[in-house]
2 protein chains.
Amino acid sequence: MKKKVTIYDVAEAADVSLATVSRVINGSNVVKPATRERVLETIKRLDFKPNQIARGLATSKTTTIAVVFPQSLFGHVKDMIGGIGDTGRTLDFNIIMYTTDELGLGNPIEEVIEKVIKSRADGVVLFNNNCIDKEIDLIKKYRIPAVVVGYKISDEDICSVYVDAKSIAYDMTKQFIEQGKKNICFVRATQNLVDLNDFAKGIEEAFKDSDVTLPEDYIVDVSNHYEESYPQLKEYFDTHKHDVVLTGYDKEAVAVVNAAIDHGINVPEDMQVVGMMDTSYATICRPPLTTIHVPVYDMGAIAIRLLTKILNHEEIDEAEVPMHYTFIKRDTTK
Amino acid sequence: MKKKVTIYDVAEAADVSLATVSRVINGSNVVKPATRERVLETIKRLDFKPNQIARGLATSKTTTIAVVFPQSLFGHVKDMIGGIGDTGRTLDFNIIMYTTDELGLGNPIEEVIEKVIKSRADGVVLFNNNCIDKEIDLIKKYRIPAVVVGYKISDEDICSVYVDAKSIAYDMTKQFIEQGKKNICFVRATQNLVDLNDFAKGIEEAFKDSDVTLPEDYIVDVSNHYEESYPQLKEYFDTHKHDVVLTGYDKEAVAVVNAAIDHGINVPEDMQVVGMMDTSYATICRPPLTTIHVPVYDMGAIAIRLLTKILNHEEIDEAEVPMHYTFIKRDTTK
DNA sequence: CTGAAAGCGCTAACAA
DNA sequence: TTGTTAGCGCTTTCAG
């Protein structure tokens, strides 16, 4: 393995000091154009690639952003990775990925955060999940700039991008109630990108404001995995009936639709179903899902942009960024 | 922002030299137990987290693996991220993620590889895609240990994990031909995790070996995106008819099934469809997809394990690891 | 405009 | 068993 070419090699070959080479690669404008040219030419000729690790040590900046997310959120995160990757690349930040497993059993969140600390990432993006509060506490303790996706929060060096689950749920519920559909239920998985508590609150408030009694047990908890949620729902519909099913994620909605169809329940005639996120599940499903469109790619892009703003001490006019959502009417509602 | 505690602080507080602290955190067994205890206690008390960047500079090892993949493959890669993340975590490697966009237009592969070089990742994992050859060439040039997923190759410091697309295609085609289904077509998207050329070759050979003429234009190219491939196929079925449709990925298979159903083509009675990968699309789809199950999670895990073997100079008994696949019969075939 | 030199935080000989 | 010291490759004052 031939030795890597260093800044010293370049300096020597270009007959300047390493300080000058450093100035050139960092775009300092005090270098005489002729010298710059010579250095640049040498860099190219020697195929010199500055060692980011050394630079990181010298500047105590790694231009690296750590992204921490639970594996069960892949489906959601997937579409966000595009925004994260593109934006990171554009702004010249590396993205280092830390996954946590299903229940945080195998690798406690403490360990993951410890890795983040050790990696000296400049900032971190967190995703809403079961132990988001704990994560945020740890991050705060180490004072790492952070942005949280899917959970509304802001603090010193902490911003967030989120969808207002409460108002989504409120609006939908209100509308269904007005149509006379009062037997509404909410099917939710344990992990989600949107705040499930807020969603539930939205439903509750809509019932309260409409002076209609909230059905008992209107919340149905299912698995994150379709392979499990689908049979769960199939069994559930043996003994239950609803006018409307709201969900926290398209995947759950598809499980509902398929389980219902297997029971001879007509969707949307007998039962209406609404998904959430507008992922490919929604279009692939038959009938195609009525759902809430959330600009997931943008959420990722904004998260990264926001984080870099914190890192560069740019002014931030909105520390808690709500994402616009739209109701997409397809075939699982009337 | 309070200053980070360094190895010097620990050394001073524990009243030893920094070399001893270094020995303790690196598990050297020449340290006297009593001293070790004292150091350990101090580390804990001061909440010292060794700076990986400094360590990287000193050892010229970053314990970081770069994962490079095109965004269009994320659907496939998604399930692999689990394996990659878990295994990386277990083996104590950081995973740094580089995405390339759709057509490699915005960010030429050269730039991405350049970032990988600069990051000084110890190794890199690459995914089969349009310009995999170019990627491999670049990686070779810089002699970075690599493992390629989805494309069979091996070389000095390069290994691969793949599925034998050719034999999958061959076996399936042969079987359908024997059932008298000779009007077979292959619907493929431009990017794929399995080698599409090999797949096509498998079909061709099966036809040749069966002494049946291969239908002209048996290959149908569609978009990577369901939103586009579905209408494409809908139009395609206006003028085309097949006994059997083979696909390179479940998503395309779902598009085929949905487009067919819209045309009143009965699946599987009039047309049989086979997916590939056995992703959640296959189970969610109605009728559920007959597909080829590929252990995607394991592919990710094996890729990382293989790479660490190269990095640690462990013996590698198989440089090109074929993944086992299984034919999953569901409802889109007879 | 350019060079010399002092770190950044850690590892790894080499001494003791 | 422990300490001393010379780097790892780069940035950044401070002189010149």
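Numbered from 1 within each chain, the chains take letters A, B, ... in sequence-line order. For clarity, every value in this text was computed on a predicted model and none was experimentally measured.
Proximity of B:S22 to the phosphate of C:dA12: no side-chain N or O atom is located under 4.0 Å from OP1 or OP2. A close approach under 4.0 Å does not occur between any side-chain nitrogen or oxygen of A:T20 and OP1 or OP2 of C:dT2.
In terms of modelled atom types and a separation under 3.5 Å, the side chain of B:N128 and the main chain of B:N192 share a donor-acceptor contact. Here the side chain of B:D155 pairs no donor or acceptor atom with the backbone of B:I158 at under 3.5 angstrom. In this structure, the side chain of B:N129 does not engage the main chain of B:F69 through any donor-acceptor pair within 3.5 Å. For the pair B:N26 (side chain) and B:S28 (backbone), a donor-acceptor distance under 3.5 Å is absent.
In this structure, CD1 of A:I117 is placed 16 Å from P of C:dG9, rounded to the nearest angstrom. Between B:E37 atom CD and D:dT1 atom P the separation is 14 Å, expressed in whole Å.
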If you restrict it to nitrogen or oxygen atoms, what contacts under 3.5 Å exist between nucleotides 5-9 of chain D and the protein, and what is each distance?
unit_1, atom_1, unit_2, atom_2, d
D:dC8, O2, B:L57, O, 3.4
D:dC8, O2, B:A58, N, 3.1
D:dG9, N2, A:A54, O, 3.2

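Among the heavy atoms of the strands lying under 4.0 Å from A:V30 is at least one base atom, whether or not backbone atoms are also near. Nucleic acid contact class of A:V21 (heavy atoms, under 4.0 Å, all strands): none.
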Only pairs under 3.5 Å count here: list side-chain donor-acceptor contacts from residues 296-308 of chain A, not counting sequence neighbours, and write none if there are none.
unit_1, atom_1, unit_2, atom_2, d
A:Y297, OH, A:D86, OD2, 2.3
A:R305, NH1, A:T308, OG1, 2.8
A:R305, NH2, A:E314, OE1, 3.0
A:T308, OG1, A:I304, O, 3.4
A:T308, OG1, A:R305, O, 2.7

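Residues passing the salt bridge (Lys or Arg N to Asp or Glu O under 4.0 Å) test with B:E37, sequence neighbours excluded: none.
Of all nucleotides listed (D:dT4, C:dG3, C:dT11), D:dT4 comes nearest to the side chain of B:S17. In the set C:dA13, C:dG3, C:dT11, the nucleotide with an atom closest to the side chain of B:R23 is C:dA13.
Between A:I25 and B:R36, the residue anchored nearer the 5' end of DNA chain D, judged by the nucleotide with its closest heavy atom, is B:R36.
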